[in-house]
A.B. asks: 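For reference, the structure I am asking about is given below.
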Amino acid sequence: MQRICSLSDLTEDEGIRVESVTPPIAVFLTSEGQVHAIDDTCTHQNASLAEGWLEDGCIECPLHDSRFSLRTGAADAPPAKLPVRVHRVRVDEGEVYVELSSEAPNLPPGVVY
Amino acid sequence: MARVAIVGAGLAGYTTARTLRDTGYDGEIVVVGAESHRPYDRPALSKSYLAGEIDAAELSLETAGERLDVDWRLGTPATGLDVPGRTLEFADGSTLPADEIVLATGSAPRRLVEPAASAEPDVPGRGASVHVLDTIEHADALRAALVPGAAVVVAGAGFVGLEAAATALALGAASVTVACAGSAPLGRFGAPASAAVRTLHERRGVRFVTGARVAGLGRGADGLPNGVRLDDGRRIEGSVVIVGLGSVPDTAWLAGSGLARTQHGAIVCDEAGRAAPGIHAAGDCAAWPGSYGGHWTLAQEQAREVARDIVTPTIAPEFRNPPYLWSDQHGARLQFAGRLRGDERISLEAGSLDDSDPFLVYRDPQGVEVAALGIDQGRLMTRWRKTHRTPAAPRAAVAA
Ligand SMILES: Cc1cc2nc3c(=O)[nH]c(=O)nc-3n(C[C@H](O)[C@H](O)[C@H](O)COP(=O)(O)OP(=O)(O)OC[C@H]3O[C@@H](n4cnc5c(N)ncnc54)[C@H](O)[C@@H]3O)c2cc1C
Ligand code: FES
């Protein structure tokens, strides 16, 4: 696990993009107080999911509305077809730690990190 | 057993089938498609697919391993509809009765030369090649014509034309000239948005000819096409002509059906997408109250609603999203949400027009926010769209 940010860096119902890891990840704080981490780049095109809309445990892509589950990473409907990776999160004394998924990321065509 | 027949294997047709299965419909689903392709996504045809960045397989709307249990009847357009009999008719005289019929035939591009498509030749060595952009085949033909050094003329400064102009430039066109009917591209979004889009294109080298209403193809002394002819006599010459004059609902086949259509040919529906008992319509071919068609998200949303209406007709959605559209040009992401009448006050609330990253909010004369437009402003646009949802009207009872 590696430290990614502090809990105080997060705003309820919003995401932040963290570029200290490759590919960048998005970290979200839900209104229930849970922290989730997924790959930040949408699997359809190069959009930052941290800029999307958090609702009902899903993040909706800011561009074309595919919704990704924060728990499983699955996309609900086109245009995105592939899931994003979900990273394990632990919050300890106000610090957010993440264990990056060991799967290969589903980056969209043309996006390389 | 119950049967739903869907006409049109595009975004709306596919989404209807998929949502029917997602919501537990286990009857028969037949999807009738004019094209021989399985459902594919059109937006990339003027962008990454045209640019050669993705291949045809990546255009597919279906997810690998998906089992929708659909009877696909592709390459066989429906030619008629018996509304009271809820039956589709085909050119070979065969018919397909169904319990529910979903019309999802999309739109067809306006052409420069009517009526025959063959009047728009794409034959090398035969003068300029002339293209519309609506199918994979169109995109393949245009891509083949966009050789480095091409002189490209785009007739029409709508979204598809502007996107194709941007892609043509990226593919090495020597010049790209856009004939724009108004005084600037995308004029209906107001002066600031239009100026930002124009700047975005002109900085990359796209040239605009304004006040340019395209009357037809231009022809050289040899009679071969060499560009376009404007209604004031001006000409714009080039080796490749891209016709981006918008599209019209693809509903001519319904002429004898008795279904009401708008002046542009869109099928008139109620707020649940019902056109007649047992007949529904979604996507670019449909006119729902208060929505303008022709855009991706609306087609998907309408198709989902039609499927849910078929499964549980009494449940209306909680709210409606403001109409939404997006476009990619020169790598910039343009997004627009809401409805415009033309008398709005427009204010720049973030970004800048010069840097082509404005976030603009449109307010009606009463000061109510009615629309927003952003270029590369994903977070602000998403927030605007989500905080401007409206409660949906309660659902009328189902007609028998
Ligand atoms: C080049 C291009 C770029 C675009 N870019 C964007 C964009 O960036 N953003 C955006 O919001 N929208 C964009 N759009 C619009 C978007 O793709 C459409 O709104 C969307 O495809 C509508 O879906 P649909 O299912 O209603 O129609 P379609 O996707 O057009 O599907 C209709 C299908 O029905 C078939 N059909 C027609 N008649 C019959 C018949 N009689 N029998 C059987 N089948 C029939 C057609 O062949 C077609 O396959 C773009 C469109 C094009 C062409
Ligand atoms: S970029 Fe996310 S759905 Fe298209």
Side-chain angles (χ1 to χ4, degrees), chain A residues 10-19 24 26-31 40-70 72-84 103-104 106-112, chain B residues 10-12 14-15 18-19 21-22 39-44 47-49 51-55 57-66 295-301 303-304 307 318-319 321 324-328 331 333-335 337 374 376-387 389:
Chain A
L10 301 174
T11 310
E12 196 172 294
D13 280 338
E14 297 256 339
I16 60 165
R17 174 177 160 104
V18 177
E19 292 182 336
V27 183
F28 300 93
L29 175 63
T30 69
S31 43
D40 184 53
T41 308
C42 182
T43 61
H44 175 232
Q45 283 172 15
N46 194 4
S48 165
L49 294 175
E51 298 189 349
W53 185 257
L54 186 62
E55 196 169 273
D56 301 334
C58 292
I59 183 77
E60 185 171 308
C61 176
L63 286 188
H64 315 128
D65 295 4
S66 283
R67 285 156 47 100
F68 295 90
S69 159
L70 290 180
T72 67
D76 72 329
K81 289 180 281 183
L82 297 173
V84 286
E103 290 162 37
N106 292 315
L107 292 172
V111 174
V112 274
Chain B
L11 173 66
Y14 166 77
T15 303
R18 177 165 166 161
T19 310
R21 291 297 182 226
D22 286 349
Y40 65 92
D41 209 16
R42 286 176 210 280
K47 312 178 184 81
S48 53
Y49 181 74
E53 290 159 12
I54 64 169
D55 60 21
E58 282 173 288
L59 293 177
S60 167
L61 285 167
E62 294 170 271
T63 305
E66 181 174 87
H295 300 290
W296 202 97
T297 307
L298 188 67
Q300 190 187 51
E301 283 175 358
R304 285 181 178 155
E318 253 176 88
F319 49 75
N321 295 309
Y324 172 51
L325 63 90
W326 35 271
S327 172
D328 301 345
R333 265 66 182 270
L334 185 148
Q335 297 172 289
D376 289 334
Q377 293 286 0
R379 189 186 291 268
L380 291 174
M381 280 304 299
T382 301
R383 188 172 306 160
W384 194 92
R385 292 171 56 215
K386 293 298 176 179
T387 52
R389 293 182 278 199

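Residue numbers begin at 1 in each chain, while the letters A, B, ... track the order of the sequences. Being a predicted model, the structure only gives us computed values, none of them experimental.
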A.B. asks: I would like to know whether B:Ser60 and A:Lys81 meet side chain to side chain contact (heavy atoms under 4.5 Å, CB included); could you show each step before the answer?
C.D. replies: CA-CA 10 Å; B:Ser60 167; A:Lys81 289 180 281 183; 4.1 Å; yes
A.B. asks: Where on B:Ile54 is there a heavy atom nearer than 4.5 Å to chain A: the side chain, the backbone, both, or neither?
C.D. replies: side chain
A.B. asks: Apply the test salt bridge (Lys or Arg N to Asp or Glu O under 4.0 Å) to residues B:Lys386 and A:Asp13: give CA-CA distance (whole Å), side-chain angles for both, the deciding distance (0.1 Å), then the verdict.
C.D. replies: CA-CA 13 Å; B:Lys386 293 298 176 179; A:Asp13 280 338; over 6 Å; no
A.B. asks: Are any non-hydrogen side-chain atoms of A:Pro78 and B:Arg18 less than 4.5 angstrom apart?
C.D. replies: yes
A.B. asks: For the residue pair A:Trp53 and B:Arg383, what are the closest heavy atoms and their distance?
C.D. replies: CZ3-CA, 4.0 Å
A.B. asks: How many angstroms lie between OG1 in B:Thr382 and CG in A:Leu49, if you round to the nearest 0.5 Å?
C.D. replies: 10.5 Å
A.B. asks: What is the minimum heavy-atom distance between B:Tyr324 and A:Asp65, and which atoms define it?
C.D. replies: CE2-OD1, 4.0 Å
A.B. asks: Please find the pair of heavy atoms, one from A:Pro109 and one from B:Glu58, that lie closest to each other, and give the distance.
C.D. replies: CG-OE2, 3.2 Å
A.B. asks: Quick check on B:Asp328 against chain A: is it the side chain, the backbone, both or neither that has a heavy atom closer than 4.5 Å?
C.D. replies: side chain
A.B. asks: When rounded to the nearest 0.5 angstrom, what is the spacing between NE2 in A:His44 and CG in B:Asp41?
C.D. replies: 6.0 Å
A.B. asks: Measure distances from B:Thr63 to the heavy atoms of chain A and classify the residue's part below 4.5 Å as side chain, backbone, both or neither.
C.D. replies: both
A.B. asks: Are any side-chain N or O atoms of B:Gln300 and backbone N or O atoms of A:Pro79, one a donor and one an acceptor, separated by less than 3.5 Å?
C.D. replies: no
A.B. asks: State, to 0.1 Å, how close A:Pro62 and B:Gly378 come at their nearest heavy-atom pair, and which atoms those are.
C.D. replies: CB-O, 4.0 Å
A.B. asks: Who wins among B:Arg389, B:Met381, B:Glu66 for the most heavy-atom pairs under 4.5 Å with chain A?
C.D. replies: B:Arg389
A.B. asks: Just how far is it from atom CG of B:Asn321 to atom CD of A:Glu60, taken to the nearest 0.5 Å?
C.D. replies: 7.0 Å
A.B. asks: Which heavy atom of B:Arg304 sits nearest a heavy atom of A:Ala77, and at what distance?
C.D. replies: NH2-CB, 3.2 Å
A.B. asks: Which heavy atom in B:Arg333 sits nearest to a heavy atom in A:Asn46, and how many Å separate them?
C.D. replies: NH1-O, 3.0 Å
